[in-house]
Protein chains: 2
Amino acid sequence: MIITKAGRRMFPAMRVKISGLDPHQQYYIAMDIVPVDNKRYRYVYHSSKWMVAGNADSPVPPRVYIHPDSPASGETWMRQVISFDKLKLTNNELDDQGHIILHSMHKYQPRVHIIRKDCGDDLSPIKPVPSGEGVKAFSFPETVFTTVTAYQNQQITRLKIDRNPFAKGFRDSGRNRMGLEALVESYAFWRPSLRTLTFEDIPGIPKQEDILQTSLMVQWLRICLSMEDTWIQSLVWKDPS
Amino acid sequence: MIITKAGRRMFPAMRVKISGLDPHQQYYIAMDIVPVDNKRYRYVYHSSKWMVAGNADSPVPPRVYIHPDSPASGETWMRQVISFDKLKLTNNELDDQGHIILHSMHKYQPRVHIIRKDCGDDLSPIKPVPSGEGVKAFSFPETVFTTVTAYQNQQITRLKIDRNPFAKGFRDSGRNRMGLEALVESYAFWRPSLRTLTFEDIPGIPKQEDILQTSLMVQWLRICLSMEDTWIQSLVWKDPS
DNA sequence: ACTTTTGCACCTAGGTGTTAACAT
DNA sequence: ATGTTAACACCTAGGTGCAAAAGT
């Protein structure tokens, strides 16, 4: 994922669908991004792989993106697909825009937090998400990514250009769409196109089967696009001749 | 003010500064727009005046614009200038976008409401603002306006074009800026450039002198531009030769 | 005759990867 | 060598009044 000083959106944006909330209870929904390991990485061109390149840089001020619709009732949250498309990443450790601060060339994993309103008094964009009763975190391994300031992998670049409306100006029609379709095809072979994630229920909420379910049916491709560069490497890329 | 089927912003937007709130109490801030009288108007070109042209059209579904930062603490509200620039007006009585529905060729007056959070359970974009304890409405006579679907008065048009960044394409440089400056000058003669409005305190809040004060110092011109067409007629308009 | 609608050119505002310059 | 920055062209998204067309 590209990070800049000014702040850059994630693409594709994390989107999530929630069920099992108390319709009449108020909740905050928030996202933070945690390191996957303690390593710094570099991209090796000749093998097209990310390799460990030392230990991680010193930790960075903690930031939380509180979904702008917060707080809202369980009913409201469950009625819509919750999108984090306005979240921005930065590599500026002195950032004062409330963006999430990350180190470049590191691996990260987004987490979604559901915080019951009465437990959210400590919730702040510049403090770690509180834990305990009435707070629950969810992670999606599919969405691990590597931060960069410039793309290392030309296939990632092409996928971004093809899928992000704001990058339309860099598409050269025909050729790219075929490349993407080939990727989608190869992906469908060894990955179920729908996956339901089941979690323990949130404390104080009646237990149900699907507390939180990513809407993979409609957006499995989006998630595919947000994974780390290494992961996409393992796909069979058919370059149209 | 222009109204359309799709919804059109007010320009300039209503902006307000609040003081006297309890910093730790939560409030909603909302705006609605009420008829000034029971009349319909038409614009008479030869006299450059709005004239009564019969009784008002049948009433329209009530709508409330809840400020998108709501709810927020008194501290948060008082720290910023509160802008209603995303509010939209429509003449579509079947509107389903949550816009404020008005009749064309009628006179209206915006009202700002402060609703203590615990009194805002009934607050809804499609219901009248509740009244009573913990709710207070404020009106600014300067901001009365007349709705149209096409501008009747060329001076209004020119003011909008000169002040609204989105209308920059219609400016013909030089001439217009002079016209505006002449208007500003004549306005300053007979109107104090700063006015402080004092209201009774909000129930449950310690009484203070300035509960709500429009930031006229910095934006008296904005308010000048938002008034009804008739009012602007009474200004001495110096057309640069 | 008057009012409203619609498509439009022209803007603001801001999200893309690119590229060359810069930093380390 | 490698990683980062800043200016840029090219987009999306949407807010303007205009003018011709359509209603009433």
Side-chain angles (χ1 to χ4, degrees), chain A residues 1-13 40-46 51 53-54 57 85-93 97 99 102-106 146-173 176 225, chain B residues 1-13 40-46 51 53-54 57 85-93 97 99 102-106 146-173 176 225:
Chain A
M1 209 67 70
I2 295 270
I3 57 180
T4 67
K5 207 167 177 182
R8 203 86 157 179
R9 289 184 177 180
M10 293 179 65
F11 184 86
R40 181 177 227 285
Y41 289 82
R42 68 186 191 90
Y43 190 75
V44 182
Y45 284 90
H46 73 270
M51 310 284 284
D57 296 346
D85 58 340
K86 291 197 175 52
L87 178 152
K88 284 189 177 180
L89 310 180
T90 183
N91 58 351
N92 180 9
E93 304 197 18
Q97 305 299 301
H99 300 148
L102 302 178
H103 283 128
S104 186
M105 315 306 272
H106 290 240
T146 308
T147 45
V148 293
T149 57
Y151 289 129
Q152 308 293 310
N153 178 336
Q154 200 164 319
Q155 293 175 358
I156 292 284
T157 307
R158 190 182 296 181
L159 288 169
K160 304 269 186 174
I161 290 175
D162 270 359
R163 304 297 297 179
N164 191 327
F166 291 107
K168 200 177 190 177
F170 300 102
R171 291 180 199 162
D172 45 10
S173 53
N176 287 345
L225 292 179
Chain B
M1 210 66 73
I2 293 271
I3 57 180
T4 66
K5 206 166 178 181
R8 204 84 158 182
R9 290 184 177 179
M10 292 179 65
F11 184 85
R40 181 177 227 284
Y41 288 82
R42 67 189 190 88
Y43 190 75
V44 181
Y45 285 89
H46 74 271
M51 309 285 283
D57 297 347
D85 57 340
K86 292 196 174 52
L87 178 154
K88 284 190 176 180
L89 310 179
T90 182
N91 58 352
N92 179 10
E93 303 197 17
Q97 305 299 300
H99 300 148
L102 301 177
H103 283 129
S104 186
M105 315 305 272
H106 290 238
T146 309
T147 45
V148 293
T149 56
Y151 288 129
Q152 309 292 308
N153 178 338
Q154 200 165 319
Q155 294 175 359
I156 292 284
T157 307
R158 191 182 295 178
L159 289 169
K160 303 269 186 173
I161 289 176
D162 271 358
R163 304 299 297 181
N164 190 327
F166 291 108
K168 199 177 191 176
F170 299 102
R171 292 179 197 161
D172 46 8
S173 53
N176 288 343
L225 293 178

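Numbered from 1 within each chain, the chains take letters A, B, ... in sequence-line order. Just the heavy atoms: all of them, side chains too, but no hydrogens, waters or symmetry mates, feed the values below.
With ring centers used as reference points, Tyr45(B) lies under 6.0 Å from Tyr43(B).
Rounded to a whole Å, the CG atom of Leu159(B) is 11 Å from the P atom of dG17(D). Asn92(B) has its CG atom 16 Å from the C1' atom of dG23(D), to the nearest Å. Rounded to an integer number of Å, the gap from Lys168(A) NZ to dT12(D) C1' is 9 Å. Rounded to an integer number of Å, the gap from Met1(A) CE to dT4(D) C1' is 19 Å. In this entry the distance linking NZ of Lys86(B) with C1' of dG15(D) reads 12 Å, nearest Å. Put simply, CG on Asn91(B) is 10 Å from P on dT6(C), counting in whole angstrom units. What separates CD of Gln152(B) from P of dA1(C) is a distance of 16 Å, to the nearest Å. Spacing between atom CG of Asp162(B) and atom C1' of dG15(D) amounts to 17 Å, rounded to whole angstrom units.
Regarding contacts with the backbone of dT4(C), a side-chain N or O of Ser104(B) is found under 4.0 angstrom from either OP1 or OP2. A sub-4.0 Å separation between OP1 or OP2 of dT4(D) and a side-chain N or O of Lys5(A) is absent.
Under the side-chain contact (heavy atoms from CB on, under 4.5 Å) criterion, Asn92(A) pairs with Lys5(A), Thr90(A), Leu94(A), Asp95(A), not counting sequence neighbours. Remark: Lys86(B) engages Arg9(B), Tyr65(B) in a side-chain contact (heavy atoms from CB on, under 4.5 Å) (not counting sequence neighbours). In this structure Asp57(A) satisfies the side-chain contact (heavy atoms from CB on, under 4.5 Å) test together with Arg40(A), His103(A), His106(A), sequence neighbours excluded.
Contact check for Lys160(B) versus Tyr151(B): side-chain heavy atoms found under the 4.5 Å cut-off. Looking at heavy atoms from C-beta onward, Asp162(B) lies in side-chain contact with Arg171(B) at the 4.5 angstrom threshold. Side-chain atoms of Ile161(A) and Leu159(A), non-hydrogen and from C-beta on, never get closer than 4.5 Å to each other.
A distance of 6.5 Å separates CG of Asn91(A) from OG of Ser104(A), quoted to the nearest 0.5 Å.
Among the atoms of the strands shown, none is found under 4.0 Å from any heavy atom of Thr4(A).
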Legend entry - Base-pairing string, 5' to 3', of DNA chain D - Watson-Crick or wobble, under 3.5 Å, | interstrand: ||||||||||||||||||||||||
Legend entry - Per-nucleotide protein contact string for nucleotides 15-24 of chain C, where B marks a base within reach and S marks sugar-phosphate only (heavy atoms under 4.0 Å, - for neither): BBBS------
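Heavy-atom nearest nucleotides on DNA chain C were determined for Tyr45(B) and for Pro165(B), and the one closer to the 5' end corresponds to Tyr45(B).
Proximity of a side-chain donor or acceptor of Gln154(A) to a complementary backbone N or O of Gln152(A) within less than 3.5 Å is not detected.
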